[in-house]
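Please read these numbers as outputs of a predicted model, since none were measured by experiment. The basis for the numbers below is simple: all heavy atoms, side chains too, and nothing from hydrogens, waters or symmetry mates.
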Amino acid sequence: MAREGKTRWLISIVLTVSLAGCSAPFPNSHEGAGNRLSPERMQELRKEYPLSTDTPVMINIREVSFREIMDFADSVIVAEVVSSLPNFSVDLPAEPGTPEGDFAEKDRAAGLVPYKPEFITYKVKVDKVVTGEDVEKDTFLFYNADFAGVEPELKPGMKIIAVVKKGTTGEQIGGYSFTRYGTYFIVDDDYVLAAYEGESEEILDFTEQTNGIQLDVFMNKIKNLPKG
């Protein structure tokens with residue numbers, strides 16, 4: 001169990017964009033907020049756009065700020081979910097001398113099959129790239145299936161603004177990983193609703209400042225986030 005937990009921790013660093021660091025709240029974050037959804041309306045919308053609140057089982061992971069995710073990722077996109085796609089699996093790089101290689105060798109010596117992660121996948125149509133590198137209009141988003149019930153469950157017709165990272169191996173290539181820490185639902189045409197509100201004071205403050213604000217205001221704010 002200890003080996004499995006450690007392996008999944010290493011994987012989660014890459015596949016759920018979990019990294020170390022600290023972030024600062026938006027400067028002057030309440031200025032120019034324009035219209036905002038009422039708390040009652042946001043609560044009502046949670047029936048269709050539930051918060052991601054569960055904690056991963058057997059995986060050591062900490063919550064990550066929106067800015068940290070942006071510092072690590074390739075792009076921020078506005079996209080519409082088209083459909084769910086079949087899950088896929090990839091063989092992890094296991095070069096000799098690397099932690100992954102050492103774990104894979106121990107698995108083989110013990111007669112075990114090395115860990116091969118599976119990914120939950122969604123086909124999306126990209127409406128806009130807010131910041132970062134260009135993204136094809138038709139692409140797919142994914143996350144490690146070990147995080148099912150933890151990461152957002154997307155449904156056709158949903159619109160999101162999400163921080164995304166290019167896939168790096170196997171069937172990931174051509175798509176992008178995403179995580180609840182960098183995802184907001186687009187609701188009532190042009191407002192945003194956080195997929196994850198946080199537990200730390202820092203992240204709770206961030207979502208308090210941004211939850212329910214207009215999409216254009218949110219995009220302008222994240223374009224001006226200070227670098228880590």
Side-chain angles (χ1 to χ4, degrees), residues 14-17 34-35 37 41-42 44-52 64 66-67 69-90 117-145 147-197 207 210-225:
V14 176
L15 302 180
T16 65
V17 205
N35 295 326
L37 294 176
R41 179 56 180 156
M42 286 192 279
E44 183 180 1
L45 285 164
R46 285 302 181 193
K47 298 173 185 176
E48 186 176 356
Y49 302 92
L51 275 171
S52 298
V64 185
F66 195 95
R67 197 217 65 196
I69 296 293
M70 282 189 63
D71 287 348
F72 183 71
D74 295 306
S75 306
V76 180
I77 62 171
V78 174
E80 181 173 353
V81 181
V82 177
S83 65
S84 295
L85 294 174
N87 291 7
F88 66 85
S89 299
V90 299
E118 184 177 341
F119 297 89
I120 292 171
T121 316
Y122 301 96
K123 180 179 180 181
V124 300
K125 185 174 292 291
V126 177
D127 294 329
K128 179 182 295 186
V129 176
V130 181
T131 64
E133 301 177 9
D134 288 342
V135 178
E136 292 291 332
K137 188 173 183 65
D138 295 306
T139 188
F140 62 93
L141 305 181
F142 62 86
Y143 56 77
N144 192 320
F147 293 82
V150 176
E151 296 290 3
E153 180 182 356
L154 303 182
K155 298 177 181 179
M158 283 184 170
K159 292 188 176 182
I160 59 172
I161 179 167
V163 185
V164 297
K165 177 76 174 175
K166 283 181 183 176
T168 58
T169 186
E171 292 188 50
Q172 293 180 357
I173 295 174
Y176 295 80
S177 65
F178 76 108
T179 173
R180 62 182 180 171
Y181 303 120
T183 300
Y184 278 66
F185 301 110
I186 300 172
V187 299
D188 287 359
D189 295 328
D190 64 349
Y191 294 87
V192 297
L193 193 64
Y196 179 76
E197 292 185 348
T207 52
T210 55
N211 238 350
I213 68 173
Q214 292 175 301
L215 175 61
D216 286 347
V217 176
F218 183 65
M219 290 192 294
N220 286 335
K221 288 182 180 296
I222 62 177
K223 287 177 184 177
N224 294 303
L225 272 176

CA sep, side-chain torsions, deciding dist, call: Val130, Val78, side chain to side chain contact (heavy atoms under 4.5 Å, CB included) = CA-CA 7 Å; Val130 181; Val78 174; 3.9 Å; yes
Worked check of side chain to side chain contact (heavy atoms under 4.5 Å, CB included) between Tyr143 and Tyr122 | CA-CA 9 Å; Tyr143 56 77; Tyr122 301 96; 3.6 Å; yes
Does the pair Phe88 and Gln172 meet the rule for a side chain to side chain contact (heavy atoms under 4.5 Å, CB included), with working shown?
-> CA-CA 9 Å; Phe88 66 85; Gln172 293 180 357; 3.9 Å; yes
Given Leu37 and Val187, is the side chain to side chain contact (heavy atoms under 4.5 Å, CB included) satisfied, shown in steps?
-> CA-CA 10 Å; Leu37 294 176; Val187 299; 3.7 Å; yes
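Using a 4.5 Å heavy-atom cutoff, the side chains of Val124 and Thr139 are in contact. No side-chain heavy atom of Phe178 sits less than 4.5 Å from a side-chain heavy atom of Phe142. In this structure the side chain of Ile213 reaches within 4.5 angstrom of the side chain of Val192, judged on heavy atoms. Between Lys159 and Val81, the closest side-chain pair of non-hydrogen atoms is not below 4.5 Å.
The distance from the CZ atom of Arg41 to the CG atom of Asp188 is 4.0 Å, given to the nearest 0.5 Å. Once rounded to the nearest 0.5 Å, the distance linking CD of Glu136 with CD1 of Ile77 reads 12.0 Å. Here CG of Leu225 is found 9.0 Å from OG1 of Thr131. Values are rounded to the nearest 0.5 Å. To the nearest 0.5 Å, atoms CG (Asp216) and CE (Met219) are separated by 4.5 Å. Here the CD1-OG1 distance, from Ile173 to Thr168, works out to 7.0 Å after rounding to the nearest 0.5 Å. Atom CD1 of Ile186 sits about 12.0 Å away from atom CE of Met158, to the nearest 0.5 Å.
Taking 4.0 Å as the cut-off between side-chain N and carboxylate O, Lys166 and Glu133 count as a salt-bridged pair. With respect to Asp138 and Lys125, a salt bridge is recorded, a charged nitrogen being found less than 4.0 Å from a carboxylate O. Electrostatic pairing of Arg180 and Glu197 does not count as a salt bridge here, judged by no charged N lying under 4.0 Å from a carboxylate O.
Taking all atoms of both residues into account, the shortest heavy-atom contact from Ala73 to Val164 is CB-O, 3.2 Å. The shortest heavy-atom contact between Val135 and Val129 is N-CG2, 3.8 Å. Contact between Thr121 and Pro86 at its shortest, heavy atoms only, is OG1-O, 3.8 Å. Of all the heavy atoms in Phe66 and Val163, the pair that sits closest is CZ-CG2, 3.6 Å. Nearest heavy atoms, Ser84 versus Leu154: OG-O, 4.5 Å. The two atoms that bring Pro152 and Phe185 nearest to each other are CB-CZ, 4.4 Å, heavy atoms only.
No donor-acceptor distance shorter than 3.5 angstrom exists from the side chain of Asp190 to the backbone of Gln214, with no hydrogens or angles considered. Side-chain atoms of Glu151 never come within 3.5 Å of backbone atoms of Phe147 as a donor-acceptor pair (strictly under, hydrogens ignored).
For Lys137, the NZ atom sits in a packed shell: over 12 heavy atoms of surrounding residues, nucleotides or ligands are nearer than 6.0 Å. Few gaps surround CD on Glu118; more than 12 heavy atoms of other groups in view lie less than 6.0 Å from it.
A cation-pi arrangement is present between Lys165 and Phe72, with the terminal nitrogen or guanidinium carbon under 6.0 Å from the aromatic centre and inside a 45° cone about the axis.
Classification of the Tyr181-Tyr196 ring pair by plane angle, with boundaries at 30° and 60°, yields perpendicular.
Not less than 6.0 angstrom separates the ring centroid of Tyr184 from the ring centroid of Tyr191.
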